[in-house]
Number of protein chains: 2
Amino acid sequence: MRRDARLSRMLHVLIHMDRHDGPATSEVIARMLATNPVVVRRTMAGLRDQGFVRSEKGHGGGWTLARDLREITLLDVYRAVGRPPVFVLGPAIDHPGCLVEQAVNAAVDGALAEAEALLLARFGAVTLADLARDFDRRFAEAKGRRPPAAG
Amino acid sequence: MRRDARLSRMLHVLIHMDRHDGPATSEVIARMLATNPVVVRRTMAGLRDQGFVRSEKGHGGGWTLARDLREITLLDVYRAVGRPPVFVLGPAIDHPGCLVEQAVNAAVDGALAEAEALLLARFGAVTLADLARDFDRRFAEAKGRRPPAAG
DNA sequence: AGCTTTCGTAACCAGGGAAGTTGCGAGGGA
DNA sequence: TCCCTCGCAACTTCCCTGGTTACGAAAGCT
């Protein structure tokens, strides 16, 4: 299995929801993500708590977008899914008092912090509307070459 | 369990080796890393294959530095330990044909690639000699305030 | 030669996290 | 009342790093 795909999956779902009228049930979303409804509810709970989506029970219920895609950045979604750890790489904490270890960790941590800052800045600069536009471009291109592709 | 600490651990070891006369056995290195000799041999195998250290068997054997610390960057060590994955975050591969998924993955992958490029550039710009210098500074500082600290 | 040291490596176990699965409860519409 | 749908806890599965055990090979010492 790949690593943490919650951010990507939620981005995927939110864009689909924007292009879909009426609520989407966890069952329908699960099929989009090739998984099952419980994983969907678990992962989307954070988005609901942060006010990006709403959920309704009972007949005709399901998930609906609560905000315009232009108002949601990748960073917002990253935070809403719980700010999961970004890196596999990490410092060693074998002998916290060892000054060599401290010097090494300072260098590694510094580089990781810079990379994380850049990553989150990029995430903050892109809205879901931007992704949706990119999707439209890809769709138009695919249509120009072949019969309609699945969305 | 903590994250992948192989890079940090190897940096730690290499600097200690530079400050240590004669070969260091896996047993001694294992104590530096609060682990055991098998993990040390496993992790250092890549460094040996890349020519950064040498290993000798038998009495008086062990590990020795094969290059000056000024000739080894953090990037070299990162590569020598097998270029382990940098990120926990990753794209979703649920429906590879879905153009929404493709647009999402392009954005996420792009940001990750930029962050990784920055990280590796930083790693490439720092030599182990730089870290050793930072250690010396920390050591001098600690000595100025307190009785000698463990190295 | 025989013993000891030390590395080399395979094989297995442990722990942690994301994802998948099962089961049951709560709430809302038909 | 019945069914649909979310909410959530608990358990399982899978992968990865790290730890452990076991055995073999090479090199020095006596």
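Computation of the quantities below employed the complete heavy-atom set of this structure, encompassing side-chain atoms and omitting hydrogens, waters and symmetry-equivalent molecules. Here is how names work: the chains are called A, B, and so on, in the same order as the sequence lines, proteins then strands, and each is numbered from 1. Because the structure is a prediction, the values reported are computed rather than measured.
- Listed nucleotides dG19(D), dC16(D), dG20(C) differ in distance to Asn36(B); the shortest reach to its side chain belongs to dG19(D).
- With DNA chain C read from its 5' end, the first of the two nearest nucleotides for Val38(A) and Arg6(A) is the one closest to Arg6(A).
- The interatomic distance linking Ile29(B) (CD1) with dG8(C) (P) rounds to 11 Å, in whole Å.
- Here dC15(D) presents its P atom at 12 Å from CZ of Arg3(A), a figure rounded to the nearest Å.
- Atoms CH2 (Trp63(A)) and P (dT5(D)) sit 14 Å apart, rounded to a whole Å.
- For Arg41(A) and dC8(D), the shortest distance from a side-chain N or O to OP1 or OP2 is not below 4.0 Å.
- Atom CG of Asp21(B) has 12 or fewer neighbouring heavy atoms from other residues, nucleotides or ligands inside a 6.0 Å radius.
- At a threshold of 4.0 angstrom between heavy atoms, the contacts of Gly62(B) are confined to the sugar-phosphate backbone, with no base atom among them.
- Rounded to a whole Å, the CZ atom of Phe87(A) is 19 Å from the C1' atom of dA18(C).
- Going from atom CD of Glu27(B) over to atom P of dT21(D) covers 13 Å, rounded to whole Å.
- Each of Thr35(A) and Gly58(A) was matched to the nucleotide of DNA chain C holding its nearest heavy atom; the match closer to the 5' end belongs to Thr35(A).
- Whole-Å rounding puts the Asp4(B) CG to dG16(C) C1' distance at 14 Å.
- Atom CH2 of Trp63(B) is separated from atom CD1 of Ile29(B) by 7.0 Å, given to the nearest 0.5 angstrom.
- At a threshold of 4.0 angstrom between heavy atoms, the contacts of Arg54(B) with the nucleic acid are absent.
- Under a cut-off of 6.0 angstrom, the local environment of CZ in Arg70(B) is sparse, with at most 12 non-hydrogen atoms contributed by other residues, nucleotides or ligands.
- At a cut-off of 3.5 angstrom, the base of dG20(C) holds at least one donor-acceptor pair with the side chain of Arg42(A).
- One finds no side-chain N or O of Ser26(A) lying less than 4.0 angstrom from the OP1 or OP2 phosphate oxygen of dT5(D).
- Proximity of Ser55(B) to the phosphate of dG8(C): a side-chain N or O atom is located under 4.0 Å from OP1 or OP2.
- Contact annotation: Arg9(A) side-chain N/O to dG20(C) OP1/OP2 distance is under 4.0 Å.
- The side-chain heavy atoms of Gln50(B) and Arg79(B), taken from C-beta on, include no pair separated by under 4.5 Å.
- Here the side chain of Asn105(A) pairs no donor or acceptor atom with the backbone of Gln102(A) at under 3.5 angstrom.
- OP1 or OP2 of dT9(C) lies within a sub-4.0 Å distance of a side-chain N or O belonging to Arg48(B).
- Note on Arg133(A) versus Asp136(A): no salt bridge recorded, every NZ/NE/NH1/NH2 to OD/OE distance being 4.0 Å or above.
- Atom pair Leu89(B):CG and dA19(C):P shows a separation of 10 Å (rounding to whole Å applied).
- Lys57(B) places its NZ atom 10 Å from the C1' atom of dT9(C), with the value rounded to the nearest Å.
- For Thr25(B), taking side-chain heavy atoms from C-beta onward, the closest of the listed nucleotides dG7(D), dT21(C), dC7(C) is dC7(C).
- Candidate nucleotides dC8(D), dA19(C), dA30(C) were compared by shortest atom distance to the side chain of His59(A), and dA30(C) ranks first.
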